Every structure is written in structure tokens, then in C-alpha cells.
Amino acid sequence: MSETFFGPDFQALQGQDPEIAAILISELDRQRENLQLIASENFTSPAVLAALGSTLSNKYAEGYPGKRYYGGCEEVDKAEVIGIARAKELFGAEHANLQPHSGASANVAVYQAFTKPGDTVLAMSLPHGGHLTHGSKVNFSGKWFNVESYGVRQDNELIDYDELRDIALRVKPKMICSGATAYPSLIDFKTVRSICDEVGAIMWVDAAHFIGLVAGKAIPSPVEYADVVSFTTHKVLRGPRGGMILSKAAHASAIDKAIFPGMQGGPIMSAVAAKAIALKECATAQYQSYAKEVIVNAKALAKSLEDEGMRAVSGGTETHLALIDIRSTGVNGKVADERCGRAGISLNKNAIPYDPESPAVTSGIRVGTPAVTTQGMGAEQMPVIASLIARAIKDGEDEAKIAQIRKEVNALTAKFPVYPA
Ligand code: DSN
């Protein structure tokens, strides 16, 4: 069945390079047969995949529409112009740049547009849910900038805005970043804006995780408050792998120059066109229902995992992901991740706030509902998924039990087929 999905060109690939052709098939099978609970993944549409696999991939287009450094850009220019207009319309943004190759690239451009090496930036700490590009010592951000961190309170595991303000007043950052990779709650952008105004900092929101929920009007938008919003396009947003930046018009030139020629060469025009397609999809009523359903499912999954005896960090979720403290199971995050993997359940180990374990081990797992919701799963399936996770964690040493769970996972996903046959 999987072979037919790729269309007639696939036979040529099978003849030319059977090794890679077989990987394309087995990865599609894996995505179809297993449970995809990684909070940052989704199933993009066949239309987006078509653009990614198109001849736009062949075109060099350094520069911006109408101002390129190569001839023959008239067709790709149209795709980028349409994509920019769609992004501005969907998010109510004054400026959009669709060229970042990834979320990390978008963030490099944000640093470059607003700061100089050595400047102070204030961002959420990685162990409390931040991101590598928010100042980790092993990342350019932590090596080239003086990044100070804020975190969550130990009692309620929510961002401590009083602490954030106190630190901002003390360190006087050039830029304050809000946004995280493992924070299940909503962020109070209005309060962050007032802190930025008080200390004269640029307000940067790294919205990679939740921008799809904003696009679907399921949660409040940071766009009206922030100077700049960076994000990836492949998470809840359900577009191609890549990045995007929105900003106030006053910062448009700084952002565009930071991307090109500041840190990228030719944009990946097949991805730019694919982003335009995803933005059109996001503007539909169907996508808005999807975004709301993602949150309903995440809440249900967090509650069901609590019913299985685990603890949802910060008491549950208001977004697409839940962070689960699994210490009650006696199994750490690393082992749980590995056991679930063998059972056909893809999720990831994740540090919980104030985690006593190292980041390589952790006391938690992170689960997300973007992919299973795209498949059409709903309230009925969430307790079933929670039970499969709990059994995989508990019975992971017993190969027969893991094989049985895998069978049940495959039976469940078969009822919600991903991609046309
Ligand atoms: N890798 C992304 C995630 O899983 O959250 C962050 O870059």
C-alpha cells in the first residue's frame, strides 16, 4: 500500500536506488503503524509534500522577490510574494520572512537583527522548558551572548513573572525571549510586553511550539505585543520543515538583512512554496477546528495519564503538549522513552522543572497531540493511548507484553490511516 502513495516516479527510484527507496517505504510504514506523540511533529498534507518534491528545489534565488541575485526567478518570486501576503493576513503581522531554513536559523537571525555578541538577553532556562537557542552553553547563543535565565516556580510550575521582572530590572537585557519547548501553559504576553517596555528591551517570542494553535485561533496571539516572533512551520502548524519570522514593520529591514545576506544564502524555494500552501490550509475553518481539537485531546491525554498514576506538570495543559512526571512508576524518562519506542509509541524523555535526574536521563516524558489529532483520533482514543503508554512503561522488561502492546498500537492506528493509499 505504501508504494502507491509515492506515485509513478517511485518505480524509477526503486530501480535506481532500491536502498533509499526502501527507507522511504519503511518510514511511511513507521509513521502509519506507530503512535506519533512527539509534541513537535505532525503529518503535513500531500499538497505540502508535492511542493517539497517539486522543481522549485532546483532554483537559486538569493535575495528577495524583485531583488534577486540570479536570473529566472519570476516564478519563484510569485510563490514567495503569495506566501508573505498569506502570513501577514493569517497572523495580522506587519512583516513576514519565509526564508529561514529552520527554527534555529530563524533564531540566529533574531539575535543578529537586534543584538551584538556579548549583549545580555533574558530567556527561559532550558531545564525549565526553554530551547537550546535560548542560551544553552553548548549553543551559539550561550557561547556568544550573555544569556540570563528565568524559570518556573517550584510550587505551581508556572512562569514566575515577578521573578522575570526582577531579573530584567537587574540585568537590563537588550532582548527578552518568551517561548519554550516543554511548557504546557499559556504565556502572558501582555505582562512580558510591559516588562520589556519597563526595561527598554526588544520583545522576542519564539512561538515554534504553539504558533499553529495561534494560526487556528485556539489560543491568544503574541503578534500584537511582540517586536518579533520566530517559529518553525512543521509543528502544530502542519507545514514543511522550516522556519518563519514575523515582525513589526519597523524591524522588517533588520530581519530581512539578518536572514540574507546575514546568515543564509539561497532560500529553499520548494520549502517557501510549501509554507505558502500550509498558510492557506491554516486559514480554513477546518484547520481552526483541528487546532481546538488538538488542545482538547492534549487535556484528555494528560488527565488520562494522571488516571494511570502519573503526574501532569503544572496540573495539566492549555496547549498541544503535556509534560508528565513519571517518578511514581519507578522508571526514569530515558527508560520509559526506550520502552514506549519498542511498543511502537514515539514520544520523548524530557526534564521536568527542578528535575533531580540529568538531562540525559530525566524524570519525565513529553507527549503531544498534533499528529494523532490530524489522524482523526479524539476523546475516545486518549484514555486508550494513556493506558498503552502506562503498560509499556510498567511492563517494558517483558518482551511478550511489549509485543502485545505493539499489536494493540498497530490495531489502533490502522483505524486512523495516515495519507491516502
Ligand atoms: N526539537 C524541537 C522540539 O522537539 O521541541 C525543539 O527544537
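One is the number of the first residue; the rest follow in order along the sequence. Please read these numbers as outputs of a predicted model, since none were measured by experiment.
For the ring-ring contact (aromatic ring centres under 6.0 Å, His included) with Trp204, the qualifying choice from Phe231, Tyr111, Phe114 is Tyr111, the only one to do so.
Side-chain polar atoms of Asp355 and Ser363 form a donor-acceptor pair below 3.5 angstrom. Side chains of Asp256 and Asn97: a donor-acceptor N/O pair is present below 3.5 angstrom, by distance only. Side-chain contact check for Asn350 and Thr362: no donor-acceptor pair (N or O, by modelled atom type) lies under 3.5 Å. Between the side chains of Arg238 and Asn42, no donor N or O sits under 3.5 Å from an acceptor N or O. If you check the side chains of Ser346 and Asn34, you find no donor sitting under 3.5 Å from an acceptor. Lys235 and Thr232 are linked by a side-chain donor-acceptor pair at a separation below 3.5 angstrom, with hydrogens and angles left out of the test.
Both the sub-6.0 Å distance and the 45° axial angle are not jointly satisfied by Arg68 relative to the ring of Tyr60.
Taking 4.0 Å as the cut-off between side-chain N and carboxylate O, Glu357 and Arg327 do not count as a salt-bridged pair. Salt-bridge check for Arg342 with Glu338: passed, with a basic side-chain N closer than 4.0 Å to an acidic carboxylate O.
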Mind listing the side-chain donor-acceptor pairs of residues 130-138 below 3.5 Å, one per line with the distance, residues two or more places apart or on another chain?
| from | atom 1 | to | atom 2 | distance (Å) |
| --- | --- | --- | --- | --- |
| His131 | ND1 | Thr133 | N | 3.2 |
| His131 | ND1 | Thr133 | OG1 | 2.6 |
| Thr133 | OG1 | Asn107 | ND2 | 2.9 |
| His134 | ND1 | His131 | N | 3.3 |
| His134 | NE2 | Asp206 | OD2 | 2.8 |
| Ser136 | OG | Val138 | N | 3.3 |

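By the 4.5 Å heavy-atom criterion applied to side chains, Ile389 and Glu308 are not counted as neighbours. For the pair Arg86 and Lys275, the minimum side-chain heavy-atom distance is 4.5 Å or more.
Residue pairs meeting the side chain to side chain donor-acceptor pair (under 3.5 Å) criterion with at least one member in residues 214-227, sequence neighbours excluded, are Arg193-Asp227, Asp227-His251. Among residues at least two apart or in separate chains, side chain to side chain donor-acceptor pair (under 3.5 Å) pairs with a member in residues 44-55 are Ser45-Glu281.
Across every non-hydrogen atom of Gln381 and Leu412, the tightest pair is CG-CD1, 3.9 Å.
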Would Thr374 and Tyr290 satisfy side-chain hydrogen bond (donor to acceptor under 3.5 Å, both in side chains), going step by step from the backbone distance to the final call?
CA-CA 7 Å; Thr374 294; Tyr290 161 75; 3.2 Å; yes
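Open room surrounds NZ on Lys280; 12 or fewer heavy atoms of other groups in view lie less than 6.0 Å from it. Other residues, nucleotides and ligands contribute only 12 or fewer heavy atoms inside 6.0 Å of the OH atom of Tyr69.
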